[in-house]
Amino acid sequence: MIVKFQPGFRVTPALLILNLLMFLAVALVNGNFSQFSAQSLLMLGANYSSFVEQGQWWRFLTSMFLHLSLTHLVFNSASLFVLGRFIEPLLGSTAFLLVYLVSGLTGSLASYLFNPGVLSAGASGAIFGLFGIFLAVLLSNIVRPDLRKEWLKSVGAVLAINLGLGLFLPIDNSAHLGGLASGVVLGLILLPWMRSRLRRFLNNDLTLR
């Protein structure tokens with residue numbers, strides 16, 4: 001039994017386009033699509049603790065829309081597309097954008113606090129915030145227990161793989177965990193709102209409990 005939301009969303013495609021445009025801007029500065037210099041990434045707003053300490057707090061925001069490689073962009077874009085198709089209709093476009101931005105900023109702050117001296121960029125903190133929203137929904141009693149258990153296994157496996165890779169690869173797990181924690185907290189706060197919206201989209205074969 002599947003939740004079928006009305007087709008169409010607005011913020012997710014806009015974020016995907018913005019991420020792509022920023023990637024193209026970095027590629028243009030570097031003259032290629034495969035090797036990005038730290039200088040060009042910093043020029044366009046990557047997160048770096050030394051610059052933040054000089055008052056450039058805006059890097060917490062701009063770094064969310066930069067990616068370090070084409071692979072980085074493709075992976076995050078695919079994750080955002082899949083999560084956005086479910087979560088944006090569930091939250092509504094305005095709340096979805098707020099959750100995305102707050103989770104991304106929290107991830108940037110966590111990177112600054114717990115991973116200093118490392119250049120960081122990417123939408124991962126915001127995307128893990130969307131995973132946090134999904135977890136908050138699955139840990140509630142909104143959907144049937146059997147469906148909830150199945151989805152929890154899938155989401156848990158994806159999160160475990162991503163966080164596990166961060167132990168062996170140059171991946172900023174601080175940003176991931178910061179975004180995830182922010183998403184879970186926001187999800188718990190927004191549960192009544194999501195429950196109300198979910199009722200409008202549910203098919204007759206999925207029971208609210």
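The first residue of the sequence shown is numbered 1, and numbering continues consecutively from there.
S37 and S40 share a donor-acceptor pair across their side chains, judged by distance under 3.5 Å alone.
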Show the numbers, then the answer: is there a side chain to side chain contact (heavy atoms under 4.5 Å, CB included) between L61 and L105?
CA-CA 6 Å; L61 177 65; L105 290 170; 4.0 Å; yes

Should V137 and M194 be marked as a side chain to side chain contact (heavy atoms under 4.5 Å, CB included) after you check the CA-CA gap, both sets of side-chain angles, and the distance that decides it?
CA-CA 8 Å; V137 171; M194 289 188 286; 3.8 Å; yes

Quick one: do H67 and N19 satisfy side chain to side chain donor-acceptor pair (under 3.5 Å)? Show the steps, please.
CA-CA 8 Å; H67 289 83; N19 289 338; 4.7 Å; no

Apply the test side chain to side chain donor-acceptor pair (under 3.5 Å) to residues S111 and S174: give CA-CA distance (whole Å), side-chain angles for both, the deciding distance (0.1 Å), then the verdict.
CA-CA 5 Å; S111 179; S174 297; over 6 Å; no

With side chain to side chain contact (heavy atoms under 4.5 Å, CB included) as the test, would you mind laying out the steps for F114 and L177 before giving the verdict?
CA-CA 11 Å; F114 301 108; L177 290 170; over 6 Å; no

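Clustering ILVMFWY residues whenever any of their side-chain heavy atoms sit less than 4.5 angstrom apart, transitively, puts L70 in the very cluster that holds L18. Residues W58 and L109 do not share a hydrophobic cluster, clusters being chains of Ile/Leu/Val/Met/Phe/Trp/Tyr side chains in contact below 4.5 Å. M22 and F75 fall into different hydrophobic clusters, where Ile, Leu, Val, Met, Phe, Trp and Tyr are joined by side-chain heavy atoms under 4.5 Å apart, directly or via other members. V185 and L98 fall into different hydrophobic clusters, where Ile, Leu, Val, Met, Phe, Trp and Tyr side chains are chained together by heavy-atom contacts under 4.5 Å. With hydrophobic clusters built from ILVMFWY side chains whose heavy atoms lie under 4.5 angstrom apart, I17 does not share a cluster with F23.
Residues T12 and G84 approach most closely at OG1-CA, 3.5 Å, considering heavy atoms. Of all heavy-atom pairs between H176 and S124, the closest is NE2-CB, 3.1 Å.
Counting only distance, with no hydrogens or angles, the side chain of R59 and the backbone of L42 share a donor-acceptor pair below 3.5 Å. At least one donor-acceptor pair under 3.5 Å links the side chain of T62 to the backbone N or O of G45. When atom types are taken as modelled, the side chain of S182 and the backbone of T106 share no donor-acceptor pair closer than 3.5 angstrom. Between the N32 side chain and the Q35 main chain, a donor and an acceptor come within less than 3.5 Å of each other. In terms of modelled atom types and a separation under 3.5 Å, the side chain of S103 and the main chain of V99 share a donor-acceptor contact.
Annotation: side chain of F96 is not in contact with side chain of I133 (no heavy-atom distance under 4.5 Å). Under the 4.5 Å side-chain criterion, counting only non-hydrogen atoms from C-beta, L186 is in contact with V102. Counting heavy atoms from C-beta outward, F33 and L24 have side chains that approach closer than 4.5 Å. Between L119 and F51, every side-chain heavy-atom pair lies at or beyond the 4.5 Å cut-off.
For the atom pair CG (L135) and CG (L180), the distance works out to 6.0 Å, reported to the nearest 0.5 Å. Residue N47 holds its CG atom at 10.0 Å from CG of L66, rounded to the nearest 0.5 Å. Separation of atoms CG (L90) and CZ (R197) is listed at 7.5 Å; rounding is to 0.5 Å.
Ring pair F134/F131: centre-to-centre distance not below 6.0 Å.
A tilted orientation is assigned to the rings of Y100 and F65, their planes being inclined by 30° to 60°.
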